[in-house]
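As structure tokens, the structure follows; a few thoughts come after it.
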Amino acid sequence: MEHKPAGARKTHVFRHGTMLAAALALVSWGSAYPVVRMALHSMAPIPLAAARYAVAAIVALVWVAWKRPLLPRVQDLPRFVLCGAVGITLYNILFNVGEQTVSSGAASLLISFSPLISAFIAVVFLGERLSLWGWVGSLVSFAGVVLIARSQPGGLAFGSGAADIVGAAFSAALYNTLQKKLVASYGALATTAYILIVGAVLLAPWWAEAWHSLSIAGPGTWGLVFQLGLFPAVLGYGAWAYVVGHLGVARSSGLLYLLSPTTLVLAFLLAGEVPTFRILLGGAIILSGVALMNAKGRKPKSAE
């Protein structure tokens, strides 16, 4: 019988464990799109966000009490509050409001525009530069955004569902930029836990309305809220932190291209949504532009 060296067995386990964690994160996050649309039949957008992140914050508080990670330093508190305000509160308000009229698949494809927005933030605020291919990729992706938006009620007009989802993509991009410094100091899990708690507290003005909605809702709505609070908000982030820890940011980011296809499949299975050809074409255009940006888009800061 052939025996693998201990190091090879360990690598094999890590590889399969990492892929399992990646699949768990993608399925958890992908499920949020159709589940939010299902929950919106019983709850208003902002109270739904408040209820969802109240659940997530309770889990985060239990984890903090158990693990006792490094507490936020006073000088980092403003950044934690800003991350919670932008990445949790504002993102979910815009996302939930947008999903009242935008299909789950279209929303996931519009959110996939977020890496391009992150690149522009890096250009404006971090001194990075885009190559010609970077600008081409940006224009290609934006064309896909316009194509999808035109298939949704109101197009990209201010106040339309598609415009709200694009606003959520901007929030996600800004959040990803802001949290990098915190992750480097506190680690991905602790940073996520603190930000979830902050986001839930900022949604506190809607807790009473959320409780009222849940008190008259059926057990199905309770189940949807707990699913949103436990899986995408807690389990998804925890699994992804494990993936990034083993693969690194650059290698793991490529797996995010699978999020939109995962969402499309789950939206069909859970909510019976069938994407139109225009949505699929727009999504392919967006992802092509993002891929081009990631492959050839950035110049070193020192480049002239």
Side-chain angles (χ1 to χ4, degrees), residues 14 17-26 28-29 32 53 56-57 59-92 95 111-112 114-128 168-202 229-259 290 293-294 298 301:
F14 273 147
T18 302
M19 291 302 100
L20 178 61
L24 187 60
L26 292 171
S28 296
W29 286 341
Y53 281 93
V59 177
L61 284 168
V62 171
W63 183 86
V64 169
W66 174 42
K67 287 293 188 178
R68 298 185 180 276
L70 176 67
L71 292 175
R73 294 182 288 269
V74 173
Q75 61 267 31
D76 291 328
L77 288 177
R79 186 176 287 262
F80 273 109
V81 172
L82 188 57
C83 283
V86 172
I88 302 299
T89 306
L90 181 60
Y91 173 88
N92 282 276
F95 180 82
I111 290 291
S112 68
S114 181
L116 272 298
I117 302 171
S118 296
F120 283 118
I121 292 174
V123 168
V124 175
F125 296 105
L126 303 180
E128 293 190 12
F170 271 90
S171 299
L174 183 57
Y175 166 71
N176 288 332
T177 301
L178 289 170
Q179 71 159 344
K180 287 179 181 178
K181 183 178 178 181
L182 297 175
V183 172
S185 299
Y186 299 91
L189 288 177
T191 298
T192 299
Y194 293 137
I195 291 173
L196 287 174
I197 294 167
V198 169
V201 170
L202 293 175
L230 294 175
F231 287 92
V234 175
L235 188 60
Y237 280 108
W240 191 251
Y242 178 88
V243 173
V244 173
H246 285 85
L247 294 183
V249 175
R251 291 178 62 195
S252 60
S253 62
L255 294 172
L256 293 176
Y257 289 112
L258 298 174
L259 180 56
V290 172
M293 163 69 79
N294 287 338
R298 284 185 168 88
K301 289 184 181 181

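Basis for what follows: all heavy atoms, side chains included, without hydrogens, waters or symmetry-related copies.
- With sequence neighbours excluded, the residues that form a side chain to side chain donor-acceptor pair (under 3.5 Å) with Tyr175 are Gln179.
- Distance CG/Leu259 to CG/Leu26: 6.0 Å, rounded to 0.5 Å.
- Contact detail for Pro69 and Trp63: the closest heavy-atom pair is CG-CZ3, 3.7 Å.
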In a table with atom names and distances, give each donor-acceptor pair under 3.5 Å that connects a side chain of residues 181-198 to protein atoms at least two apart or in another chain.
{"from": "Ser185", "atom 1": "OG", "to": "Lys181", "atom 2": "O", "distance (Å)": "3.3"}
{"from": "Tyr186", "atom 1": "OH", "to": "Arg73", "atom 2": "N", "distance (Å)": "2.8"}
{"from": "Tyr186", "atom 1": "OH", "to": "Asp76", "atom 2": "OD2", "distance (Å)": "2.6"}
{"from": "Thr191", "atom 1": "OG1", "to": "Leu182", "atom 2": "O", "distance (Å)": "3.2"}
{"from": "Thr191", "atom 1": "OG1", "to": "Gly187", "atom 2": "O", "distance (Å)": "2.7"}
{"from": "Thr192", "atom 1": "OG1", "to": "Ala188", "atom 2": "O", "distance (Å)": "2.8"}
{"from": "Tyr194", "atom 1": "OH", "to": "Leu70", "atom 2": "O", "distance (Å)": "2.9"}

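- No side-chain heavy atom of Leu202 sits under 4.5 Å from any side-chain heavy atom of Ile88.
- Ala25 approaches Gly236 most closely through the heavy-atom pair CB-O, 3.6 Å.
- Every side chain to side chain contact (heavy atoms under 4.5 Å, CB included) that Phe231 has, sequence neighbours left out, goes to Ser28, Gln227, Leu235.
- Across Ala85 and Thr89, no two heavy atoms sit closer than the pair O-CB, 3.4 Å.
- Taking the side chain as every heavy atom from C-beta outward, Leu174 and Leu178 approach each other to under 4.5 Å.
- Closest of all the heavy-atom pairs between Pro72 and Leu77 is CB-CD2, 3.8 Å.
- Once rounded to the nearest 0.5 Å, the distance linking CH2 of Trp66 with CG of Leu61 reads 15.0 Å.
- Residues Ala168 and Ile111 approach most closely at CB-CD1, 4.0 Å, considering heavy atoms.
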Full working for side-chain contact (heavy atoms from CB on, under 4.5 Å) between Asn92 and Tyr53: CA-CA 10 Å; Asn92 282 276; Tyr53 281 93; 3.3 Å; yes
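- When all heavy atoms of Gln75 and Pro78 are compared, the pair lying nearest together is O-CD, 3.7 Å.
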